[in-house]
Amino acid sequence: MTSIRIGIVGKTNTGKTTFFNAATLLDAEVQPYPFTTKEPNIGVAHVSSPCVCGEFNVDDDPRNSLCINKMRFYPITLIDLPGLIKGAHQGKGLGNQFLTVAAQSDALLHVVDASGSIDAEGNIVEPGYGDPLSDYYDIEEELVLWYHKIIEGNRTTIEKYEKTLGLVEALYTVLSGIKVGSTHIEKALKLTGLIDKPFKDWTMEETRNFAYVIRDVSKPTVVVANKIDLDEAEKNYLRLSNTLKDVVVIPSSADSELALRRAQQKGLVEYIPGSEEFKVIKPDALNDKQRRALEYMERFVFSKIMRTGVQFALNTLVFKVMGYKFVYPVEDVEKLSDRRGRVLPDVFLLPRGATLMDLAAHIHSDFPKYLLHGIDVRTGIRLPRDYVLHDRDVIHLVLARRRR
Ligand SMILES: Nc1nc2c(ncn2[C@@H]2O[C@H](COP(=O)(O)OP(=O)(O)OP(=O)(O)O)[C@@H](O)[C@H]2O)c(=O)[nH]1
Ligand SMILES: [Mg+2]
């Protein structure tokens, strides 16, 4: 099963690498200077939801995922990108090769500095001076212009292929390299009303509009309003979420998540990523700096926004915006185990609309052929092959031929 790839984009200095480090706990370089990150960092993060082991009251033994305090964590790929600035599509800043990397992701997290403590060039300034909303628009504009450039730059290729393959496939030959599927193209053509218009007749404005819509359709995005702990950030967060009506905006403090995960690794606090609380294990073992840092987080992060927002942003993007579901297949309905007796060994991350047949295909390419029906383990109900899976379903597949 291929893992979902999520790219972190945004202006320089907004906290992308901090977010990445917090989510992956790798040590990529963080600095208060523009363009600290020069190469993309790739790491493993997780999406999480309450594990069904709690509901069924069993001790599980995960194989393809983790279960921490009854939360199930499934790996995804996270890509931290160098910061973008206005003109990036023309190679400004660190050039546009990174846009290619961004475009190879399935979805994006667009990180903005909600405190407004970076100026238009990405330098750190007093909170409130910068404008996260215009930063957001600047970066989105760069993404759209970049798609536009690819389409414009391949006019002759598209026109050539259109004659034999049709418009959708012609655009697909040019856009497939940046993870744009033909269903995305079809959807964008319908939304823009260009589905029946020969490509050679598209005006500049229509091409531009298509670029705008294809960016939207092909890369689902959550906006991360970072540095929420600083002054002015809450005000800007509200402005962002009230203005950007079509995207989800999640407030976050990536710095705090990173500090908490580190403190947890050192055994100083009890903290599960994404949790709405942390507990100091040995108050006496903390030095002054650590104590102050934890108090700061309690006051400026947890009491303001309940959680640091890092894990929440990842979960929101994957489950709510992209519509993925966790599904737990089991072979033994009584023990909730596989053939070897491992309890709830796997969880699968399946896309919106996935059916029992898709689940079977994920487990083994041969299975759909032999699939008779499924059993919903919670209720014992028999499920048809075209049953559309729900999040946190526990499923037993009944096959015509037993595996040996
Ligand atoms: N107060 C506060 N500062 C933060 C937060 N997240 C990141 N920072 C700080 O913001 C600065 C920039 O962080 P980076 O993670 O390097 O930013 P970046 O977006 O990766 O920057 P480039 O790689 O240069 O594009 C650092 O000084 C971080 O410590 C946060 O939640 N709160
Ligand atoms: Mg960085």
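All ligand and atom numbering here is 1-based and tracks the order in the structure.
At under 3.5 Å, not a single nitrogen or oxygen of Asp80, backbone or side chain, sits near a nitrogen or oxygen of ligand 1. Between Ala254 and ligand 1, a contact under 3.5 Å exists for at least one N or O pair. Here's the thing with Ile124: none of its N/O atoms is less than 3.5 angstrom from an N/O atom of ligand 1. The shortest N or O to N or O distance between Ser252 and ligand 1 is not under 3.5 Å. Note: no N/O pair closer than 3.5 Å links Pro82 and ligand 1 by distance alone. Considering backbone and side-chain N/O of Thr18, one or more are found under 3.5 Å from N/O of ligand 1.
Evaluation of the ring-ring contact (aromatic ring centres under 6.0 Å, His included) test over residues 163-185, restricted to residues two or more places apart or in two chains, returns none. Within the structure, ring-ring contact (aromatic ring centres under 6.0 Å, His included) contacts touching residues 248-288 (residues at least two apart or in different chains) are Phe278-Phe302.
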Can you list the steps and then say if Glu159 with Arg155 is a salt bridge (charged side-chain N to carboxylate O under 4.0 Å, His left out)?
CA-CA 6 Å; Glu159 280 173 28; Arg155 273 203 164 266; 3.7 Å; yes
Could you please spell out the steps behind the salt bridge (charged side-chain N to carboxylate O under 4.0 Å, His left out) verdict for Glu141 and Arg208?
CA-CA 11 Å; Glu141 167 103 354; Arg208 174 71 204 266; 3.5 Å; yes
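Heavy-atom contacts of Thr12 reach the following atoms of ligand 1: 22 (P), 24 (O), 25 (O) (cutoff under 4.0 Å).
Within the 4.5 Å cutoff, the side chain of Phe210 has heavy atoms near those of the Leu171 side chain.
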